Structure formats: structure tokens, C-alpha cells
Number of protein chains: 2
Amino acid sequence: MPKAHNVRPASALERTLHRLEDLCRERGQRLTRPRRAVLAKLLSARRPLSAYELLDLLRSEDGRSTAASVYRTLDFLMALGIVHRLESTRSFVLCEHPDGPHWVQFLICRRCGQVVEAEDERVAAATERLGQRLGFALDQHIVELTGVCESCRGSRAPH
Amino acid sequence: MPKAHNVRPASALERTLHRLEDLCRERGQRLTRPRRAVLAKLLSARRPLSAYELLDLLRSEDGRSTAASVYRTLDFLMALGIVHRLESTRSFVLCEHPDGPHWVQFLICRRCGQVVEAEDERVAAATERLGQRLGFALDQHIVELTGVCESCRGSRAPH
DNA sequence: TTGTACTTGATACAAAGTATCATAAGGACA
DNA sequence: TGTCCTTATGATACTTTGTATCAAGTACAA
Ligand SMILES: [Zn+2]
Ligand SMILES: [Zn+2]
Ligand SMILES: [Zn+2]
Ligand SMILES: [Zn+2]
């Protein structure tokens, strides 16, 4: 009986690192230690981190990271499309749909800080159409929507 | 023959300052020198300015402005809804539709830096709908679309 | 004109992001 | 498995962007 490749479900970290590996190979980019490390930290944080929060986490186990290296690494991962930057909070978060380029919208709860990454056709179509109407050939779309999430509204804290 | 109030078309500066005056009165806010000055500078710049560009402009004729006062003033004008902040470029721009609260989209040309402020129903409806679908009660919407404007595409510079 | 709550200016500081360059190391290839 | 070359890193210094605090000043109502 042939052994199926690997039946154990890969951990989220393993899957994400494999994705990074593949992307690097495809594009002839190097897979280095800081790149792996930043990805791992963003994954285990499970929320957006500022560059300096990330730096502190990395230093706590490596000691040699610097602001410059963190920003370089984030730029790299963003170019691969597996990390996004939240402009309104100056923070960075792991992509939840890292299967190729996509236009993404973020919903941010101002109460609990929860961030949801959406890929809404309708919003993408509407912005694209707006671009056309005004003569712009769009190549990037930043959509960050702030409000109060369902569970925060449920718990009837005023404001 | 009775003299009509003032038939000369008010300058853009006059109109904008009147709008500021009205808003302040309505809301019981003070109309101070730095508030007038920041508004005037943003108006004459006719493009987004960073807080520190604004600071330099103000200092060149007043000398006593500081970063803190510029940021305070910008916060004030944003709360009134007559100045917007562009998150993706960390800059501030005069509102082009200062007639009450509105959800706005910015289109930014990466080639010439031109910024267009749009108020598109379709985009606003689509984001609102997305919020509903995901259970968010939205109260803010940041939409910044980057691309190449018509005139920049017309001049066939490559890239 | 006067009083006073709100705003400003001054100072100091914190957070976010970038430039430069000598050194280190990924990974192709022998 | 080791060599080499290209690219990325680490170290340093710096710039830009944004805030905290508090004494002094002033817009505006009365
Ligand atoms: Zn994504
Ligand atoms: Zn919430
Ligand atoms: Zn506006
Ligand atoms: Zn243009």
C-alpha cells in the first residue's frame, strides 16, 4: 500500500512557509532567515503588528534584527503578496488569501481591534468603475473600513 | 437702485473662510488665527501637503507655528470635515465638497501626483453592504485608489 | 471691558521609516 | 561537498511623522 505523501495536516506555519518557499523559487528570490522569522511572528500574532512590535518580538529571540531589516523584509513579503499593510493603523498583517494577487478590503473594529480581510467583488468592481469614469488606470486599491463588529455591538457597552 | 449684497464672485479663499466661520459658529468652536492660516495655506497649495510642509509654509510668514500646533489644527479641521487626510501619503488636503459629512474616495496618480476627490454612490453602497454582510456597523471609510491618470497615460512615457 | 474656558506656543519626546556601506550567506554550479 | 557570485543582512546614523505637558495667551459671551 503506497504511502500518501503526508497525511498529517500541515500546521499553519508549515503551510505558510511552504507557500513562501514556492513563491521564492518561482520568482528566483532567496529564502532567508529573517524572511522566515518575520512570517512566523506575523502568523503567531494573528493580528496586525506594527513594525516595531515585530522588531521587539524578533529581537527577543535573535537579538540582531534592526528597524531597517524589518522594513526591508516587510517590503519583500508585501511584494510577494503574502503580507498586507494597514495604512490607517500603520501595521502589517498576514494575508488570509495568499493565492495570487487580489484586491482586498479590511474591516477594522474600533472597539476590539479585530481585523477582517475581505475580497469583495462588488467593492472591487465599484472602485474599478470609478477609476474608469475618472480616467484612471488603477493598479492599487486601499480600502479600510472602520466600525464596530457584531460581537462588540452585542455586548451593549455604550459608545 | 438697491445694491445687491455683493455681486463680485467671492474668492475661493473668502468662500472657504466663510464656510469655516459658519461651521465654527454652528458648533460653538473658536475661529483662531492658526485655523485660518492652515486653511489658507492648504487652499493655495491646491495639492496635498504633509504636516511638515505646511509647518514650513506657516513658519515662513508667522514664525511661531510648531508641529504640535499644526497637527492640532489639522485634527480640528478634519473634525469639521473640511480637511481630509490621505493615509497612503501621510498628507492633508482641502475637502472639495465641504457641504456636510460624506464618504469620499481619493484617486491618486502615481506619475504626476494629482489627487481627485470623488463621492461615488456605488462605491459607498458597496462598502456599506460589505460591512453589513460581515456584521460591521461602519462609521468611517478610507478608500485611496492609485493608478495613472488620463493625461499621464496620454503622454506615452513608458512604465 | 472683563472674565474665563479653551487654545496656543514652547519644549521635549516618542514612533515610524530610510540611507549607506562593509560583511555575511543563499544557492547555482563544479 | 566546496567555491563563487550575487543579493541580502546588520550596524549605524539619520530623517520624517506624530504626541505629551503645561504655562501663557486670547476668542468671544456677558
Ligand atoms: Zn490578502
Ligand atoms: Zn469588535
Ligand atoms: Zn471631502
Ligand atoms: Zn497623472
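First the proteins, then the strands, lettered A, B, ... as listed; each starts at 1. What you are looking at is a predicted structure, and each value in this text was computed from that prediction instead of being measured.
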(message) Between Glu53(B) and Ser50(B) (side chain of the first, backbone of the second, donor and acceptor by atom type, cut-off under 3.5 Å), is there such a pair?
(response) yes
(message) Between Asp56(B) and Arg59(B), does any NZ, NE, NH1 or NH2 come within less than 4.0 Å of an OD or OE carboxylate oxygen?
(response) no
(request) Report yes if some heavy atom in the side chain of Phe76(B) is under 4.5 Å from a heavy atom in the side chain of Cys24(B); otherwise report no. (result) yes
Are there any protein N/O atoms within less than 3.5 Å of an N/O atom in nucleotides 2-5 of chain C, and if so, which ones and at what distance?
unit_1, atom_1, unit_2, atom_2, d
dA5(C), N3, Arg30(B), NH2, 3.0

(request) Using a strict 4.0 Å threshold on nitrogen-to-oxygen distance, state whether Glu87(A) and Arg85(B) make a salt bridge. (result) no
(request) Please tell me which of Phe76(A) and Thr66(A) maps to the more 5' nucleotide of DNA chain D, matching each residue to the nucleotide holding its nearest heavy atom. (result) Phe76(A)
(request) Could you tell me whether His84(A) and His102(A) have their ring centroids closer than 6.0 angstrom? (result) yes
(message) Check this for me, if you would: do Arg25(B) and Asp22(B) make a salt bridge, where the nitrogen-to-carboxylate-oxygen distance has to be below 4.0 angstrom?
(response) yes
(message) With a cut-off of less than 4.0 Å, is there a side-chain N or O of Thr32(B) near OP1 or OP2 of dT8(C)?
(response) yes
(request) Grab the CZ-P distance between Arg25(A) and dG26(C) for me, whole Å please. (result) 16 Å
(request) Shoot me the first and last contacting nucleotide of DNA chain D against chain A, ordered 5' to 3', at under 4.0 angstrom to non-hydrogen atoms. (result) dT6(D) to dG18(D)
(message) Does dT7(C) have OP1 or OP2 under 4.0 Å away from a side-chain N or O of Arg35(B)?
(response) yes
(request) Each residue besides Ile142(A) in its hydrophobic cluster should be listed here, by chain and number; the cluster joins Ile, Leu, Val, Met, Phe, Trp and Tyr at side-chain heavy-atom distances under 4.5 Å. (result) none
(message) Once side-chain hydrogen bond (donor to acceptor under 3.5 Å, both in side chains) is applied, do any residues pair with Ser88(A), and if so which ones, sequence neighbours excluded?
(response) Glu144(A)
(request) For side-chain contact (heavy atoms from CB on, under 4.5 Å), just list the numbers for Thr146(B) and Leu138(A), CA-CA rounded to whole Å, side-chain angles, deciding distance to a tenth of an Å, and then say yes or no. (result) CA-CA 6 Å; Thr146(B) 303; Leu138(A) 300 181; over 6 Å; no
(message) Across nucleotides 13-20 of chain C, 5' to 3', mark each nucleotide with B, S or - according to how protein heavy atoms within less than 4.0 Å reach it.
(response) ---BBBB-
(request) Would you mind reading off the distance between Leu31(A) atom CG and dA28(C) atom P, rounded to a whole angstrom? (result) 12 Å
Give every donor-acceptor pair under 3.5 Å between a side-chain atom in residues 121-130 of chain B and any protein atom, sequence neighbours left out.
unit_1, atom_1, unit_2, atom_2, d
Thr127(B), OG1, Val123(B), O, 3.3
Thr127(B), OG1, Ala124(B), O, 2.9
Thr127(B), OG1, His141(B), ND1, 3.2

(message) I'd like to know if Arg19(A) pairs up with Glu14(A) as an ion pair, taking the criterion as any Lys NZ or Arg NE/NH1/NH2 lying under 4.0 Å from an Asp or Glu carboxylate oxygen.
(response) no
